[in-house]
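First up is the structure itself, then whatever we jot down about it.
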Amino acid sequence: MSARRALDLSLYLVTDAALCGERGVAATVEAAVSGGATIVQLRDKHASDEELLALLARLDEAIAGRVPLVVNDRLELVLRARAAGLRVDGVHLGQGDAAVLRARAELGPDAIVGLTANTPAHLAAVAALPAGTVDYLGVGVLRPTSTKPDHPPALGIAGFAALQAAARDAAGAPVPCVAIGGVRLEDAAPLRAVGAAGLAVVSAICAAPDPRRQAADFAAAWRGGATPRTAHEPRIPRVLSIAGSDPSGGAGIQADLKSIAAVGGYGMAAITALTAQNTRGVRSVHVPPAASLLAQLDALSDDLIVDAVKLGMLANAELIRTVAEWLGRVRPPLVVLDPVMVSTSGDRLLDPEAEAALRELLPLADLVTPNLAELAVLAGADGPAADWASALEQATALSARTGVLVLAKGGHLGGAEAPDALVDARAGAALAEIVEFHGERIATRATHGTGCSLSSAIATLRARHGAWEPAVAEARRWLRESLRHGASLEVGGGNGPVHHFAGLWTRGGLDTAPTPAELGAEWWADIAELRRAIDELPFIRRLADGSLPRTAFDEYLAQDAHYLREYARALAEAARLAPDASAQAFWAAGSRECLTGELARHERDLAGALGAATGGAAAEFEPNAVNLGYLDHLLASGARGGYPELVAAVLPCYWIYDDLGRRLLAGDFGPEPGSPEHPYADWLAMYAEPSFAVSTQRAIELVTGVAAAATPEVRERMHRAFRRSAEFELAFFAAPLAASADDAPAPPGCGTRALSATIGA
Ligand SMILES: Cc1ncc(COP(=O)(O)OP(=O)(O)O)c(N)n1
Ligand SMILES: Cc1nc(C(=O)O)sc1CCOP(=O)(O)O
Ligand SMILES: [Mg+2]
């Protein structure tokens, strides 16, 4: 069989010798293919032909026929290798490389020929290519990446989806597109939902400490659901704290190790400084020589894998440079920097030379977690933010300037609330993405070491979850419980430590029994990237500005009408299974409203043109694969998991529509969506109706109430059902503007595999 025929592009590994480091390219490829990479591209801009030929022979052994192997750029070399009997399945060419027509002619019909396309003009050129010239397109960059310094502008999920929609050859056949450039684990679900053929990844796998595991995580994330957290074999992240010692045990490495352990990681510590302190204050600091720190760090990286690093007190410029050099050499996959620079009382803890060195180190971090005083210093502001809006502004400026994610922390602001926010302005300040986390302030003096503890917990949970928002949400939930119980430790006469193990000791498990509100916040944060991807969809943007073609809207209505008819049955089933009369009445009313409200309006709007979709006699309407997959998921959730999973699965349809409807009508997506001339004004108003908000709130309370009272296992299954539905929501919104019904995005679990799973359940 030719390598082309069954081309699986879902996890496309592109090699980089420098990033593979001492492990080497062949060992990295062997591990990544064992983990689930489905195609490999040898990309090396510097190696000679002879070196590449030798490497190709080693890669052939490493791959052992399991997946195809292509070479980047070098068509002549591919021809030479094939003539010499080496196995090379094809070539990937960029716009400036050899012509794909020539590659196809010289390599023959069975070879794989890939092409880079980053702009509409590139796609226009693809549209002139005879059918079968190229097998796939590499479309990027998804996000800015240092792996290809000369990369084109970042597209984001929506930009990728828009280019992909135009990817057709001269015969009008769609050309599969893989997303490349800065692709991360959390991009898998949204990319798959918008119909990508796969993820092309360089650094995330080549530079990973364990490429097999990393590839397995990508493959699982692509399949859907089985992210590291929910996999059967949950990863225990190995987390290194590089920080100072606090002998009182509430802050520094002592707090870091406790925090890492409390949230499920294996903690390690390299000590930068020995402080003499207690809960009342710091008396002295002894900083051992930099060579001693370097020896600690090298001893670790020579032997074991570090999944995440948390940086705390780095004491002086020499130590900071030592850490920066080690980070640059070892490249741990995750670095969280808690920049211990300014004390809560406002004292500068680093001298000017050390502050300058820390600024230089900053871009080596993935996330920085400054307190308000440190944020002001790092952002170059006149003074600490006096309110939350100013804190977010400073965090946005810092993230934009350094290319690092910032956790803005409102704990020192005073007031009834203690908000935090993840601020991502890495693609430029104008495009800042801000995810806020709210919660009432906890009145306690037990706040010693909260910054150290939070940053260590986030580093650990980010390594477990593969995404920032759920990591921050869970770390906050854990810290809040630890704060609530801190006083019970009765440690010291000043500001005592938090109770890192409050959840573990009071309930005998890692589960900290969240409140319904905390769970709601965590689940909502967990789908933040899906919600953002929905926001960016051309369908939503054009719905908001009124430019959505009526045909696409009608297609959407027809699909939604079919969906609502069955969704009403799912709500009726929830009513049947409900544990009490109040919940029963709520779901029954929801089912009725679905049929008499939304569905009736859809039918009116469709005005009979798509009568088949809504139960009419004509048989033209076909529910698309996303629709069938989504409904199948609802059915399966109820059949397998009863009331808890069923209600978790129906919740995103309330919550996402309510949120989207209100923001659309409020003008968050552009001017005047509420004006009567807007072609979709009625429809937009329906989801922004106050009664829908009330129902949504009640649905959230009911579902999170069940989840909070459930066992951790049931709660986790509910969470998964909820997340899967959110993935279907994204795919549902993306489908109408996908090129044809056949291209309707297929999110995880969608289609025949899910159907048979249901039947088998
Ligand atoms: C799968 C995939 N997509 C895009 C590229 C980039 O190719 P090109 O534009 O030629 O840039 P270089 O990789 O040659 O720098 C790729 N290599 N693979
Ligand atoms: C090789 C390559 N081509 C790109 C393109 O957009 O054409 S971006 C890129 C590098 C992607 O590396 P990473 O996964 O480490 O971000
Ligand atoms: Mg090239």
Side-chain angles (χ1 to χ4, degrees), residues 7-21 25 28 32 37-47 52 67-78 89-100 102-103 112-119 121-123 125-126 134-157 159-160 163-164 167 175-188 191 196-208 211 214-215 217-218 221-222 331 333-334 366 403 426-427:
L7 193 54
D8 179 351
L9 297 161
S10 59
L11 183 54
Y12 188 137
L13 172 70
V14 181
T15 67
D16 182 307
L19 293 174
C20 293
V25 173
T28 306
T38 59
I39 173 168
V40 176
Q41 177 191 128
L42 172 59
R43 177 176 183 266
D44 195 323
K45 299 276 175 187
H46 310 295
L52 283 189
V67 301
L69 170 64
V70 303
V71 172
N72 184 44
D73 290 348
R74 320 249 289 245
L75 176 58
E76 307 303 336
L77 176 91
V78 172
D89 298 300
V91 70
H92 181 91
L93 297 170
Q95 293 289 324
D97 304 322
V100 284
R102 192 189 138 216
I112 297 170
V113 176
L115 174 66
T116 300
N118 309 117
T119 65
H122 294 164
L123 288 159
V126 170
V134 292
D135 295 290
Y136 70 88
L137 300 174
V139 177
V141 291
L142 191 70
R143 302 172 192 284
T145 171
S146 53
T147 308
K148 186 171 163 70
D150 57 332
H151 67 68
L155 298 166
I157 304 276
F160 172 86
L163 283 186
Q164 179 191 246
V175 184
C177 293
V178 295
I180 186 163
V183 173
R184 309 177 196 154
L185 271 181
E186 61 261 39
D187 297 319
L191 279 171
L199 317 168
V201 180
V202 189
S203 54
I205 291 181
C206 291
Q214 184 72 350
D217 286 350
F218 267 106
W222 178 258
R331 292 186 67 137
L334 284 169
D366 298 291
R426 290 174 292 185

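Worth knowing before you read on, the calculation uses all heavy atoms, side chains too, and leaves out hydrogens, waters and symmetry mates. Since the model is a prediction, treat every value here as computed from it, not as a measurement. Whatever order the structure lists ligands and atoms in, that order sets their numbers, starting from 1.
Looking at K148, R43, K45, R143, it is K148 that brings a heavy atom closest to atom 3 (N) of ligand 2.
Distances from the Mg ion (ligand 3) to each N, O or S atom of D73 single out OD1 as the nearest. Nearest N, O or S atom of D97 to the Mg ion (ligand 3): atom OD2.
Counting only heavy atoms from C-beta outward, the side chains of T28 and T15 never approach each other to under 4.5 Å.
Nearest protein heavy-atom neighbour of atom 6 (O) of ligand 2: V141 CG1, 3.2 Å. At the shortest separation from atom 18 (N) of ligand 1 among protein heavy atoms lies Q41 NE2, 3.0 Å. Regarding atom 12 (P) of ligand 1, its nearest protein heavy-atom neighbour is K45 NZ, 3.2 Å. Given atom 13 (O) of ligand 1, the protein heavy atom at minimum distance is R43 NE, 2.6 Å. Nearest to atom 6 (C) of ligand 1 among the protein's heavy atoms is T116 OG1, 3.2 Å. Among protein heavy atoms, atom 11 (O) of ligand 1 sits closest to K148 NZ, 3.0 Å.
Using a 4.0 angstrom heavy-atom cutoff, G138 does not count as in contact with ligand 2. For I180, the closest heavy-atom approach to ligand 2 falls below 4.0 Å.
Considering backbone and side-chain atoms alike, N118 places every N or O at 3.5 Å or more from each N or O of ligand 1.
Residues that satisfy the salt bridge (charged side-chain N to carboxylate O under 4.0 Å, His left out) test with R184, not counting sequence neighbours, are E186.
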